[in-house]
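For the single chain, residues carry numbers from 1 onward in sequence order.
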Amino acid sequence: QVQLVESGGGLVQAGGSLRLSCRASGSGFSINVMGWHRQAPGKQRELVATITLGGSTNYADSVKGRFAISRDNVKNTVYLQMNSLKPEDTAVYYCAARIRRGVYSAYEDYWGQGTQVTVSS
């Protein structure tokens, strides 16, 4: 069984920084794209950033220049460095990964349980 486990959320003042981590655990799987999404109260879940196996990245316009996504393919871990945080970044952040369990299996989307990020003004 493959699980995504997030860590690193918390409470920070506006202008501060946080680093989120998400590790995929299990055996016999391979990961393609990894990414982060977020959901604020009363809003739909939105894409924050993605990173491919080769390291190509994509960001939501609202976080460009402030957030940086990276991954360690040996550790099956994706990171999200969040700088210059704003109150509007407050949300539950979810890790996601496109994973297949065996070379003959199709890729499926896996999600973490979410970690709360709260930015105070």
*Identify which one of D109, N32, T50, T52 satisfies the side chain to side chain donor-acceptor pair (under 3.5 Å) criterion when paired with R98.*
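For R98, the side chain to side chain donor-acceptor pair (under 3.5 Å) check succeeds only for D109.
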Mark yes or no for whether [X], through its side chain, and [Y], through its backbone, hold a donor-acceptor pair below 3.5 Å.
X: E6; Y: C95; answer: yes
X: R66; Y: S84; answer: yes
X: R19; Y: L80; answer: no
X: Q44; Y: Q39; answer: no
X: E108; Y: I99; answer: no

Heavy-atom pair of closest approach, residues [X] and [Y]:
X: Q113; Y: L4; value: OE1-O, 3.5 Å
X: I51; Y: R71; value: O-NH1, 3.2 Å
X: S121; Y: A14; value: CA-CB, 4.4 Å
X: A24; Y: I31; value: CB-CD1, 3.8 Å
X: N73; Y: L53; value: ND2-O, 3.4 Å
X: R38; Y: S62; value: NH2-OG, 3.4 Å

Shared hydrophobic cluster, [X] / [Y] (ILVMFWY, side-chain heavy atoms < 4.5 Å):
X: Y93; Y: V12; result: yes
X: V119; Y: Y94; result: no
X: L20; Y: Y79; result: no

What's the spacing between [X] [atom1] and [Y] [atom2] if we round to 0.5 Å?
X: T118; Y: Q13; atom1: OG1; atom2: CD; answer: 13.0 Å
X: T57; Y: F67; atom1: OG1; atom2: CZ; answer: 14.0 Å
X: R45; Y: L47; atom1: CZ; atom2: CG; answer: 11.5 Å
X: M34; Y: C22; atom1: CE; atom2: SG; answer: 5.0 Å
X: S21; Y: D72; atom1: OG; atom2: CG; answer: 10.5 Å

*What pairs meet the ring-ring contact (aromatic ring centres under 6.0 Å, His included) rule with one or both residues in residues 32-60, with sequence neighbours excluded?*
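Checked against ring-ring contact (aromatic ring centres under 6.0 Å, His included) - neighbours excluded - the pairs reaching residues 32-60 are H37-W111.
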_Test side-chain hydrogen bond (donor to acceptor under 3.5 Å, both in side chains) applied to S17 and N83, step by step_ = CA-CA 4 Å; S17 298; N83 300 323; 2.9 Å; yes
_Within 45° cone of F29 ring axis and under 6.0 Å: R100 NZ or CZ_ =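 No; the conditions do not both hold, so R100 does not lie above the ring face of F29.
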_Polar side chain donor-acceptor pair, T90 to E88, under 3.5 angstrom_ =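 Per modelled atom types, T90 and E88 side chains form no pair under 3.5 Å.
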*Indicate yes or no: does K86 engage D89 in a salt bridge with an N to O separation below 4.0 Å.*
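Looking at D89 together with K86, the answer is no, because their closest N to O distance does not fall below 4.0 Å.
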